[in-house]
K.L.:
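Below you'll find the structure I mean.
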Amino acid sequence: MSKAVKYAERAVTIAAQGAWSVFERLNRISPNASFTPKWSDKPLLKSYQKEKPPLGWPRTTDSLCPKCVPEIRQQIIDGKLPHEILLNEKVGEIKAQIIERNGEILMVKDCPKHGHFEDVMSIDTEFFRHLEEVFPGRDIRAHNDEKLHNHGTSTVTHGRGSVLTIDLTNRCNMMCDPCFMDANQVGFVHELTWDEIKTMLDNAITIKPRRQMSVQFSGGEPTLSPYFLDAVAYARKVGYNSVQAATNGIEFAKSKEFSKAAAEAGLRYAYLQFDGIGNAANSHRKVGNLFDVKLQAIHNLHEAGVDIVPVTTIINGINNEQVGRIIQFALDNPKRINFISFQPVSFTGRDEAVTDERRAAQRYTLSHMAHDVKNQTGLGEPTRDWFPISFMSTFSDWADLVHGPNHDWGQLSCGCHPNCGIGMALMIDKETKEAVPVTAFLNADRLAKDVAKINDASRGKFLSIVGVTLALLRNYDPTKSPTHFKIVDLLAKFDKCFGATGRKYGKVTADRTMADIEQRRNDRWNFLFIAGMWFQDLFNYDFRRTEQCIIPYATQEGEISFCAYNTGVGWRNIIEKMHMTSTLTKWYDEHGRHEIFAGGKKVGMGGAEHTLVLNDEHVHAAANDTFEKSGIAKNSREEKIRARDAKMKQDAENAQMAKLYREHVLGEKPVEGLVSINSIAPAKPVAAPSEEPVMGD
């Protein structure tokens, strides 16, 4: 597009500035009261009515002792304490301070029994400040939720979340390290029945505000559940228009037919475990051809009509160099990838007993991620282009206003704590692959404040759309947008996201067809959203984050915050044991053993057919060898082996000292025929948990 057109558009934005000034003055006159939508029993919140948790620093919050909690949890699992203690007492809770020290933000806390703990929350104080300053506030308080939200101090109190997570099974066909749930190692099977799945989905839509538009089936590996396809279809039937699967992709890579069946059942997104580019970058997962599996899964799923979200657990020293490479992969394949989710490591599940040395070496925060994106790709200024995920809730509020009081579901609203998740959007030209951060040409901070003023006035649909159009134009700089991007593209992308005008972009409802999918995909512009979601562990746990969780788990004991379930007091361990399906021995006798890919075993796929664009240098790069050089254990498996070897060495030394004491102090004579402790051959290595292909009781 010529410079003349860009300058003509600049004139339009200047005119919009003047029109906005008039509109905003008139809009302040006699604002309307907020209406109560069909999906809530409480009215929409105005911006000044939104609550905020304590922010800034130094501040005090409620946290947990990393040593007390596992001890008490084990007592509950062993039946020595009732699980109701979690509802009535502040189990393992201690105060924590969030402070600044040497240019970093830290959480520090002290337990009377176990002493001092501290961990880094951000390596960039200005970035941390920016995220908290633009946080718009909490969502509507949850109501009609007493039966499902009753978990003591871990109770979710605000909003209705954005993604409901349901673990269909704790069985998995991999043996990953790290693993949130320690899959295949707990000695029993916890797998939901069909009636339990339906009940959880039915219960979820009784809570107000009803804005839980997405449901994600997880595990273990959800595709191993015999009810996976039925669960997807039922979720679409009861009203969820975004049904997702958190998957390693193995079953989808092995079968085009299975991928097609999932799409026909209503699967819209595959949250695909994706740790890096090339098999070497995925080698810590112990599957010989895991990257090839990912590529084939992407091919099969996209061909079937399912969108793919690569999900990367980032561990410092293991795959942090892959951040830029994964983004480059998305930039090279803009017609296949429009969302990336990075998840800085949470030391929980298989890693809960991490040593202080490894935790300090591997800790990776959202601030690390923002700087790695800038340093590895040249894209994104941390304090200009990254915002808390909850920043988007202002725009969701506007869409709720425009859709009116009779809409059955509220808009997706990511009202999580600003320390939980961040995002940056890139606008990518699918034809030229030019990419520019949206906030480089759109003043997002001022735009959000403008939209909040529109929301607070609570006008009708027409005036609300007019107001947002003027706000978009006055905050848009066409000279900094992608070369071929136009004002009409900006307005269309915004409308497509929120469905405000009723224009047809391709349906996303349960009756959508492949034609609808193709219509949405044919848009020239890919709005690539790069998200970072940092789940808590016991070392940085903050109950202010837990109470406004947007990704609760549906369980037999109600809906529980993601972090309270996987970390925190560890509801997962307790509930899965309470509702255990069977022991492994019994399960194997009745169902046989499913195949597990570990110890370098390769997945058979019958040939690769993908047409994805790959960077050859990235594909063939060697694995990160940081921990081989440092001498620090790189995972829980190595820590267990080192601890075992250290114990054996100590036992041998103790035995030798005891022998010398008896001989030289007590005067005892050596017993003939006994072998010297030093002549005993070293024990054979024990099979590492992440390499053992069979689950044990």
Side-chain angles (χ1 to χ4, degrees), residues 47 50-53 55 121-122 127-140 156 158-165 209 211-214 216 242 244 246 269 271 309-314 323 327 338-344 346 364-370 373 380 382-400 410-426 437-439 442 444-445 447-448 451-452 494 497-498 527-536 540 542 544-552 561-563:
S47 63
K50 292 190 172 187
E51 301 175 14
K52 292 185 179 182
L55 299 172
M121 295 185 66
S122 177
F127 180 69
F128 195 81
R129 189 194 315 275
H130 161 70
L131 296 178
E132 294 195 341
E133 285 180 346
V134 298
F135 171 59
R138 293 162 165 165
D139 196 6
I140 303 174
V156 177
H158 288 79
R160 185 57 192 90
S162 61
V163 180
L164 178 72
T165 305
R211 56 196 317 139
Q212 190 77 57
M213 301 175 69
S214 302
Q216 182 176 105
S242 178
Q244 312 166 6
Y269 292 105
Y271 269 59
V309 180
V311 180
T312 308
T313 300
I314 298 291
V323 169
I327 292 174
N338 54 22
F339 197 112
I340 300 173
S341 179
F342 291 112
Q343 298 178 355
S346 170
Y364 192 87
T365 70
L366 295 173
S367 57
H368 285 88
M369 189 189 101
V373 171
T383 56
R384 183 196 69 184
D385 298 322
W386 291 94
F387 287 82
I389 291 177
S390 47
F391 182 77
M392 290 301 297
S393 63
T394 298
F395 302 93
S396 300
D397 293 343
W398 174 82
D400 284 332
Q411 289 292 303
L412 185 71
S413 183
C414 299
C416 58
H417 193 285
N419 298 163
C420 290
I422 61 174
M424 176 178 73
L426 300 179
V438 171
T439 40
L442 193 65
D445 193 9
L447 174 62
V451 174
F494 192 86
C497 286
F498 298 104
F527 186 84
L528 175 66
F529 192 76
I530 304 172
M533 202 71 190
W534 189 24
F535 303 122
Q536 302 180 85
N540 55 33
D542 185 346
R544 301 295 79 74
R545 292 175 60 181
T546 302
E547 61 197 16
Q548 59 187 95
C549 177
I550 63 170
I551 45 176
S561 154
F562 186 100
C563 291

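Throughout, numbering of the chain's residues begins at 1 and tracks the sequence.
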K.L.:
Could you tell me whether the side chain of T312 and the main chain of I314 form a donor-acceptor pair under 3.5 Å?
P.N.:
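No, because the side chain of T312 does not come within donor-acceptor range (under 3.5 Å) of the backbone of I314.
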K.L.:
How far does OG1 of T383 sit from CG of D445, to the nearest 0.5 angstrom?
P.N.:
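Output value for this atom pair is 11.0 Å.
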K.L.:
Between L412 and S214, is there a side-chain heavy-atom distance shorter than 4.5 Å?
P.N.:
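In contact.
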K.L.:
Could you tell me whether the side chain of I340 reaches within less than 4.5 Å of the side chain of M424, counting heavy atoms only?
P.N.:
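No - every pair of side-chain heavy atoms lies 4.5 Å or more apart.
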K.L.:
T365 side chain to S122 main-chain N or O, any donor-acceptor pair under 3.5 Å?
P.N.:
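Not confirmed, T365 side chain does not pair with S122 backbone.
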K.L.:
When you measure from the side chain of D400 to the backbone of G410, do you find a donor-acceptor pair of N or O atoms at a distance under 3.5 Å?
P.N.:
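Between the backbone of G410 and the side chain of D400 there is no qualifying donor-acceptor contact (under 3.5 Å).
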K.L.:
If you round to the nearest 0.5 Å, how far is NE2 of H130 from OG of S367?
P.N.:
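One finds 13.0 Å between OG of S367 and NE2 of H130.
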K.L.:
So do P344 and H368 actually touch side chain to side chain, heavy atoms under 4.5 Å?
P.N.:
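Not touching, per the 4.5 Å side-chain cut-off.
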K.L.:
Which heavy atom in S346 sits nearest to a heavy atom in F535, and how many Å separate them?
P.N.:
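Heavy atoms of S346 and F535 come nearest at CB-O, 3.5 Å.
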K.L.:
Please tell me if the side chains of K50 and D397 come closer than 4.5 Å, counting only heavy atoms from C-beta onward.
P.N.:
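They are in contact (side-chain heavy atoms under 4.5 Å apart), so the answer is yes.
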K.L.:
Given side chains that start at C-beta, do those of V163 and Y269 come closer than 4.5 Å, heavy atoms only?
P.N.:
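When only atoms from C-beta onward are counted, Y269 and V163 do not touch, as no gap falls below 4.5 Å.
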K.L.:
Tell me whether Q548 contacts the main-chain N or O of G415 through its side chain, where contact means a donor paired with an acceptor under 3.5 Å.
P.N.:
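Yes: the side chain of Q548 pairs with the backbone of G415.
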K.L.:
Can you classify the ring geometry of F494 versus W398 as parallel (below 30°), tilted (30 to 60°) or perpendicular (above 60°)?
P.N.:
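Rings of F494 and W398: tilted, as their planes differ by 30° to 60°.
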K.L.:
Which of these, F342, W386, W534, sits in a side chain to side chain contact (heavy atoms under 4.5 Å, CB included) with I422?
P.N.:
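Output: one option passes, namely W386.
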K.L.:
Given D139, which partner from the list C414, S390, S413, C416 fulfils the side chain to side chain contact (heavy atoms under 4.5 Å, CB included) test?
P.N.:
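Of the listed residues C414, S390, S413, C416, the side chain to side chain contact (heavy atoms under 4.5 Å, CB included) partner of D139 is S413.
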K.L.:
Name the one of R544, E132, R545, Q536 that satisfies side chain to side chain donor-acceptor pair (under 3.5 Å) with N419?
P.N.:
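That would be E132.
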